[in-house]
Amino acid sequence: MADKKAVLKIDGKDIELDVRSGSIGPDVIDINPLYKHSGAFTYDPGFTSTASCESKITYIDGDEGVLLHRGYPIEQLAEKGDFLEVCYLLLYGELPTAAQKADFDNRVTRHTMVHEQMSKFFSGYRRDAHPMAVMVGTVGALSAFYHDSTDITDPHQRMVASLRMIAKMPTIAAMAYKYHIGQPFVYPKNDLGYAANFLHMCFAVPCEEYKVNPVLARAMDRIFILHADHEQNASTSTVRLAGSSGANPFACIAAGIACLWGPAHGGANEAALNMLMEIGTVDRIPEYIAKAKDKNDPFRLMGFGHRVYKNYDPRARIMQKTMYEVLEATGRHNDPLMQVALELEKIALSDPYFKDKKLYPNVDFYSGITLRALGFPTTMFTVLFALARTVGWIAQWAEMIEDPQQRIGRPRQLYTGAPKRDYVKLDDRG
Ligand code: SDX
């Protein structure tokens, strides 16, 4: 029961609404009874002031630049944990014991292969298809398999589907990459860790032994941790809305991948690197800063700004540190794009336009330089984001299904179209 109330005055009538508090963070005004008592809807395009659900998974304080997963700061998880441990935490709510971790890692490892029929989907794609287009189609196609884990009302089947998704995304992502570059698929190896297995599936070739560099595997694993979940962002909200109708879980994840692809969202890492390559040299930065500030120019600094963070994205700091490690390990410590990125950040953060609008680098700003140094083409960057975010989508999807308040999501609208009018015969239309 809420102990705080808000009163809305509309047409001379006072409407009392419950105000609910979470464990931390902003209160919410429960507007559920509003339409019944006022005949009016709330209006919030882009949901800048709307909480769509109650959740226990991730908390972001945008003003302070804080990101917690089940209460644990991202900085500590990235530094001390590994990705599958974060997956366990997001799915089950607690850090695993040693036995739970070993069992979870083993279960995921033994689900990394995909049905052999899945490889036949790839021959239908053009080789130059964007790997995100391939991911949307191929992950969606998983809903044509695994009929033993699609009864979403069964908690066991939900967990089986969740594990399959987490386990198979690296394999599908690596297949999308291999198909894109015309190399044969490489099967997962059960003696490799999650990130190392992915790098092996991407960069090994049948002709010779491929040893995964442990520094790069650790960096890849940390990058996955940084992208694992992020509250009710656009793609997670897409997965929740798709799942609210009871749709197949694999199809819901495919919907999330489609949404993540956009350059305003997960596609920003690819767009940010392309922007840095277009700027090319430090002396051209002022020209692009001016474009970003020009209201008449649609150009934006990709990798800058965030709907929630009005401070430095904590993931961007960790990504910058990882960038240095990877550039050092790959002998690219003089990468000219890194100089451009560092100088661009410095100039932007001293410019009143960016300071006043609280535009800081986000997770996508440094990830492109890092992923390129790891050996990935820019077209694969958002695929890696989708691979990592799958656990967040799945955890949020499961939380939604288990929420007793859950019902199909069905927003209303402000209608500004034509009022009712009668049909006019073709001959009478002038
Ligand atoms: C991700 O939601 C999440 O949590 C997402 C994510 C996750 O982990 O899931 O964190 C991942 O998507 C990170 C964001 C990646 N996108 C980009 O880097 C693309 C560039 N950034 C922007 O397009 C923008 O900042 C958004 C989309 C991220 C946020 O947009 P908002 O909250 O709708 O803010 P806005 O577009 O209304 O911008 C506010 C003002 C505007 O100026 P005014 O109209 O007020 O004068 O800031 C300006 C914008 O023009 N602005 C920018 C800018 N970002 C915002 N100006 C120049 N360059 C930019 N990057």
Do [Y] and [X] meet the salt-bridge criterion of a basic N to acidic O distance under 4.0 Å?
X: D294; Y: K291; result: no
X: E54; Y: R20; result: yes
X: D63; Y: K358; result: no

Return the minimal non-hydrogen interatomic distance between Y179 and R127, and the atom names on each side.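 So the minimum-distance heavy-atom pair works out to O-NH1, 2.8 Å.
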Listing request: all side chain to side chain donor-acceptor pair (under 3.5 Å) pairs with a residue in residues 166-175, at least two apart in sequence or in separate chains.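 Counting only pairs at least two positions apart or across chains, no side chain to side chain donor-acceptor pair (under 3.5 Å) contact touches residues 166-175.
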Looking at Y423, I'd like to know if the NZ or CZ of R429 sits under 6.0 Å from its six-membered ring centre while staying within 45 degrees of the ring's axis.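 Positive - R429 is close enough to the ring of Y423 and near enough to its axis.
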Review item, side-chain donor-acceptor pairs of residues 330-338, under 3.5 Å, at least two apart:
unit_1, atom_1, unit_2, atom_2, d
T330, OG1, V326, O, 2.7
T330, OG1, L327, O, 3.3
D335, OD1, L337, N, 2.8
D335, OD1, R372, NH2, 3.0
D335, OD2, R372, NH2, 2.9

Taking only distance into account, with no hydrogens and no angle test, what donor-acceptor pairs under 3.5 Å do side-chain atoms of residues 190-210 form with protein atoms, sequence neighbours excluded?
unit_1, atom_1, unit_2, atom_2, d
Y194, OH, I166, O, 2.7
N197, OD1, K189, N, 2.8
N197, ND2, K189, O, 3.1

Contacts table for residues 376-386: side-chain donor-acceptor under 3.5 angstrom, sequence neighbours left out:
unit_1, atom_1, unit_2, atom_2, d
T382, OG1, G266, O, 3.2
T382, OG1, N269, OD1, 3.1

Sequence neighbours excluded, which residues qualify as salt bridge (charged side-chain N to carboxylate O under 4.0 Å, His left out) partners of R307?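 Result, salt bridge (charged side-chain N to carboxylate O under 4.0 Å, His left out) vs R307: none returned.
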Results of salt bridge (charged side-chain N to carboxylate O under 4.0 Å, His left out) for E287 - residues two or more places apart only: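 Result, salt bridge (charged side-chain N to carboxylate O under 4.0 Å, His left out) vs E287: R284.
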Between H230 and Y309, ring centroids under 6.0 Å: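 Yes, ring centres under 6.0 Å apart.
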For residues Y288 and E278, is any side-chain donor paired with an opposing acceptor at under 3.5 Å?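 Yes.
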